[in-house]
Amino acid sequence: MNVLITGGAGYIGSHTCVELLGSGYGIVVMDNYSNSSPAVIGKIESITGKKFPSYQCDMLDYEGFEKIFKENKIDAVIHFAGLKAVGESVEKPLEYYRNNLAGTINLLRLMKRYGVRRFVFSSSATVYGMHNTAPFTEDMPLSTTNPYGTTKLMIERILTDLCHAERDWKVALLRYFNPIGAHQSGLIGENPNGIPNNLMPYIMKVAVGKLPELRVFGDDYPTPDGTGVRDYIHVCDLAAGHAKALEKIDSLNGARAFNLGTGKGSSVLDVVHAFERASGVKIPYRVTPRRAGDIATCYADCTRAKNELGWEAKYTLDDMCRDSWNFIRKNPD
Ligand code: WQD
């Protein structure tokens, strides 16, 4: 099977490329490199020893996008490409709706035109909103609190409606919890430009001295140690979940959501302490007021992915911290 991976040079996309190549899939990568680098393509080739077509292309460039379908036989698509910073989406909603929604609609139009009906979508636990109680199950009511999350929810709805209208589509909606960690080679990992929004990239920059200390956003939540609880999942477990979704995709009946998490919650301080154990580096931190929009506790019920995809996460928080540390000390800049 030949799989088009949009956003394939990104953090989760690149790890999924490695997983698919290792599982015998052919891949074609498309990325506009707005939040990644062309150098990642070479790193994927170094890790796997395999070459594959890659295109620098923006989803909004319909002609350029169509060239990929003209030049390659595509059997399935995994769609990672999209803007994904929560805070930025609040400041620039129109950019997020245009890029994420119009870009995805271009992709779906091209899939229809070229007879491609297998689709794996990079969704997010953010669609569970503020009103559900963890552990989250796929049938819970969905809501969002920021434009980024709303684009994810809207795309899920677009795909669900498309599957109702055209029965030959097979769509897996993969709802990620908190991806962290890196491939054991240390060649690929999460290394956002500038000041990271997310916890682990921030800790990594503190660990290599690029930032002075971590700000812990609130220690007065109703959680065991008062800090926010999340379901951190190793990015390689997440990548394996995509391979499983492709393996089972033809048995799906229309669009179906799956939680990809570990089912375990870890607090901010749990992560800090695990990272200190893994790295031997002290992570200084200061407790600050809560961050607007944060919920206290978020973790997955992954029963459906286990039963229907035959997938479950296997890496521990210590594994994730070990691999994150291995990556950042090899790529401090
Ligand atoms: C985790 C915990 C913070 C930074 C977001 C998006 C979600 C997905 C993953 C894309 C929280 C605390 C964080 C810091 C801190 N992204 N924290 N200091 O908010 O759970 O999820 O990223 O799909 O859609 O919503 O992840 O890593 O930002 O925060 O104390 O400098 O760490 O309060 O409890 P989050 P996060």
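First listed ligand is number 1; within each ligand, the first listed atom is number 1. One is the number of the first residue; the rest follow in order along the sequence.
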Can you list the atoms of ligand 1 that are under 4.0 Å from a heavy atom of [X]?
X      : value
Asn197 : 4 (C), 28 (O)
Val86  : 6 (C), 25 (O)
Thr126 : 24 (O)
Val216 : 30 (O)

Ligand 1 versus [X]: contacting region, heavy-atom distance under 4.0 Å:
X      : value
Asn198 : both
Arg291 : side chain
Val229 : neither
Leu214 : side chain

Given the rule that I, L, V, M, F, W and Y join up when any side-chain heavy atoms are under 4.5 Å apart, are [X] and [Y] in one cluster?
X      : Y      : value
Tyr299 : Val271 : no
Val272 : Leu317 : yes
Leu4   : Tyr62  : yes

When you compare ligand 1 with [X], is there at least one nitrogen or oxygen pair between them that comes in under 3.5 angstrom?
X      : result
Asp294 : yes
Leu199 : yes
Ser124 : yes

Are any of the heavy atoms in Tyr176 under 4.0 Å away from ligand 1?
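Distance cut 4.0 Å: Tyr176 fails for ligand 1.
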Return the closest protein heavy atom for [atom] as residue, atom name and distance.
atom                    : result
atom 12 (C) of ligand 1 : Val268 CG2, 3.7 Å
atom 23 (O) of ligand 1 : Tyr148 OH, 2.5 Å
atom 21 (O) of ligand 1 : Asn178 ND2, 3.7 Å

Parallel, tilted or perpendicular: ring planes of [X] versus [Y], cut at 30 and 60 degrees:
X      : Y      : result
Tyr96  : Tyr148 : perpendicular
Trp325 : Phe275 : perpendicular
Phe136 : Tyr128 : tilted
Tyr11  : His15  : perpendicular

How about Arg256 and Arg304: do any of their side-chain heavy atoms sit closer than 4.5 Å?
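Arg256 reaches Arg304 side chain to side chain.
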Measure the shortest side-chain to side-chain distance between His131 and Ser143 over non-hydrogen atoms and say whether it is less than 4.5 angstrom.
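A side-chain contact under 4.5 Å exists here.
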Which of these passes side-chain contact (heavy atoms from CB on, under 4.5 Å) with Val268: Asp219, Thr223, Val216?
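Passing option: Val216.
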Answer yes or no: is there an ion pair linking Arg118 with Asp250, defined by an N-O contact shorter than 4.0 Å?
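Here Arg118 pairs with Asp250 in a salt bridge, since their nearest N and O are under 4.0 Å apart.
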Please state which option from Tyr232, Phe217, Tyr221, Tyr11 has its nearest heavy atom closest to atom 1 (C) of ligand 1.
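Checking each option, the heavy atom nearest atom 1 (C) of ligand 1 is found in Tyr232.
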Could you pull out, from Met200, Arg215, Arg230, the option with a heavy atom nearest to atom 20 (O) of ligand 1?
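Residue with the shortest heavy-atom distance to the ligand atom: Arg230.
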